[in-house]
There are 2 protein chains.
Amino acid sequence: MGVTSEIVKDFKKFIKKKGLKYTSEREEILKEILKSKQHFDVDGLYMKLRKKGSKVSKASVYRTIPLLVEAGYIQEVYKQDSRSYYEVTLDKLPHIHFICIKCKGVDEIIDEYLVEHIQKKAKEKKYTPLTYHLEIFGICHKCKEEG
Amino acid sequence: MGVTSEIVKDFKKFIKKKGLKYTSEREEILKEILKSKQHFDVDGLYMKLRKKGSKVSKASVYRTIPLLVEAGYIQEVYKQDSRSYYEVTLDKLPHIHFICIKCKGVDEIIDEYLVEHIQKKAKEKKYTPLTYHLEIFGICHKCKEEG
DNA sequence: TTTTATCTTGAGAATAAGTTTCAAATTAAA
DNA sequence: TTTAATTTGAAACTTATTCTCAAGATAAAA
Ligand SMILES: [Mn+2]
Ligand SMILES: [Mn+2]
Ligand SMILES: [Zn+2]
Ligand SMILES: [Zn+2]
């Protein structure tokens, strides 16, 4: 049994435990998200679903995302141009995103030490961390060369 | 001569060098921002200006902010509820913001080591950093206790 | 100082991501 | 199968930010 179907089963349990109803739309959205191995936004996700013939509405995508965040499968990792970007958090530590403001390219840096450091600081301030946005906006090497 | 009038003079120079015109609106906005010793958003800033009798329009506030960012006086430090928050960057290193999603309170941690670490990573990836968003969204101690 | 070209302003319209509304459809417990 | 509760899609709504444009301000040149 693949990792995906494990998650789908867990999600169903999660939904039931909350007293909500498990629907095909919710499952469709979760499955599509699990396929994305990169960052995604609502519009991109919605387009992908539509292209495969799905009839899910954008409203349902917007409504399902907070559930998936709460269940711990995805996280909002950054915002750009007034749009939120998410990623699947399977085995992923919080990490830094370098975002090029010219080409919009995103580069990740995973760094265990950094995460520990930040979590120690959070503990000092008695915060319970939920979401990390560690973003550096700037110009990437390629765009710099092109002027 | 105070630090403010120094900055105002520099800003005028900056504006002229760009071939733009120095206006009372731009100066008013800069001065009001320099007074704010905390994070601010456009609406709050605009309200403050209005309360002191200023006639500056919100459009001008929106238009002036990118100039002040470019000049290096302020930076966008985080976004919340689809609103951007800025702060004056005088002698301020990039720093972490702990943001409570319940009470919206913001706590800062300035940490030279962290900044150096991140900048080293940026250099490794050949990025030219411009803006840092180092945010941790979570629950503060107080809100945690209140349930 | 006056002229003139260019830039900036305020007001309101436009844009677009995300939220809300509501009647019809679906779920799942009884 | 019946029934109560939830969810859905579609469209309306909200709201921060951007854009448009005519009128006003700036500053270089005359
Ligand atoms: Mn990432
Ligand atoms: Mn700060
Ligand atoms: Zn780039
Ligand atoms: Zn709080």
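None of the values given here were measured: they were computed from a predicted structure. Residue numbers begin at 1 in each chain, while the letters A, B, ... track the order of the sequences.
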message: When you measure from the side chain of B/R26 to the backbone of B/K21, do you find a donor-acceptor pair of N or O atoms at a distance under 3.5 Å?
response: yes

Residues B/E32 and B/K51 bridged, charged N to O under 4.0 Å: no

statement: Terminal axes of the helix from C/dT1-D/dA30 to C/dA30-D/dT1 (5 end pairs apiece), angle rounded to 10 degrees, sit apart by 30°

query: Within this structure, what is the CG-to-P distance between B/L67 and C/dC7, rounded to whole angstrom?
result: 14 Å

- prompt: Considering only D/dA27, C/dA11, C/dT9, which nucleotide approaches the side chain of B/K16 most closely?
  reply: D/dA27

- prompt: Taking atom C1' of D/dT26 as reference, at what distance in whole Å does atom NZ of B/K12 sit?
  reply: 11 Å

Produce the list of close N/O pairs, under 3.5 Å, pairing protein atoms with atoms of nucleotides 3-5 of chain D; give distances to one decimal.
residue	atom	partner	partner atom	Å
D/dA5	N3	A/K21	NZ	2.5

- prompt: Does A/R63 make a side-chain donor-acceptor contact with the base of D/dG9, cut-off 3.5 Å?
  reply: yes

- request: Could you tell me whether the side chain of A/E27 reaches within less than 4.5 Å of the side chain of A/Y22, counting heavy atoms only?
  value: yes

- request: Using a strict 4.0 Å threshold on nitrogen-to-oxygen distance, state whether A/E28 and A/K31 make a salt bridge.
  value: no

Interatomic distance where CG belongs to B/L30 and C1' belongs to C/dT8 [whole Å]: 17 Å

With A/H133, the side chain to side chain donor-acceptor pair (under 3.5 Å) member among A/E76, A/K79, A/Q75: A/E76

- prompt: Nearest-Å distance, CD1 (B/I15) to P (D/dA27)?
  reply: 11 Å

- prompt: Reckon B/K79 touches a base, only the sugar-phosphate, or nothing at all at heavy-atom distances under 4.0 Å?
  reply: nothing

- request: From the options C/dA28, D/dA27, D/dC19, select the nucleotide whose nearest atom is closest to the side chain of B/Y22.
  value: D/dA27

- request: For the pair A/K121 and A/E116, find out whether any cationic side-chain nitrogen is under 4.0 Å from an anionic carboxylate oxygen.
  value: no

- request: Take A/L20 and B/E25, find for each the nucleotide of DNA chain D with the closest heavy atom, and name the residue whose nucleotide sits nearer the 5' end.
  value: A/L20

message: Let's see if you can work this out: which of D/dT7, C/dA11, D/dT26 has an atom nearest to the side-chain heavy atoms of A/R26?
response: D/dT7

field: Sidechain N-carboxylate O distance under 4.0 Å for A/K102, A/E146
entry: no

message: Go nucleotide by nucleotide along DNA chain D from the 5' end; which of A/G19 and A/Y46 gets its closest nucleotide reached first?
response: A/G19

task: Please state whether the rings of A/H95 and A/H39 are parallel, tilted or perpendicular, taking 30° and 60° as the class boundaries.
output: parallel

Could you go over nucleotides 13-16 of chain D and give all protein N or O partners under 3.5 Å, atom names and distances?
residue	atom	partner	partner atom	Å
D/dA16	OP1	B/R83	NH2	3.1
D/dA16	O3'	B/S82	O	3.1

- prompt: Are A/S54 and A/K48 side-chain neighbours, meaning at least one heavy-atom pair lies under 4.5 Å?
  reply: no

- request: Mind calculating the distance between CD (A/E28) and C1' (D/dT8) to the nearest angstrom?
  value: 12 Å

- request: Could you label the plane-to-plane angle of the A/F11 and A/Y73 rings as parallel, tilted or perpendicular, counting under 30° as parallel and over 60° as perpendicular?
  value: perpendicular

- request: Can you label the angle between the A/Y127 ring and the B/F98 ring as parallel, tilted or perpendicular, going by 30° and 60°?
  value: parallel

query: Taking the side chain of B/T23 as heavy atoms from C-beta outward, which of C/dT8, D/dC19, D/dT7 is closest to it?
result: C/dT8

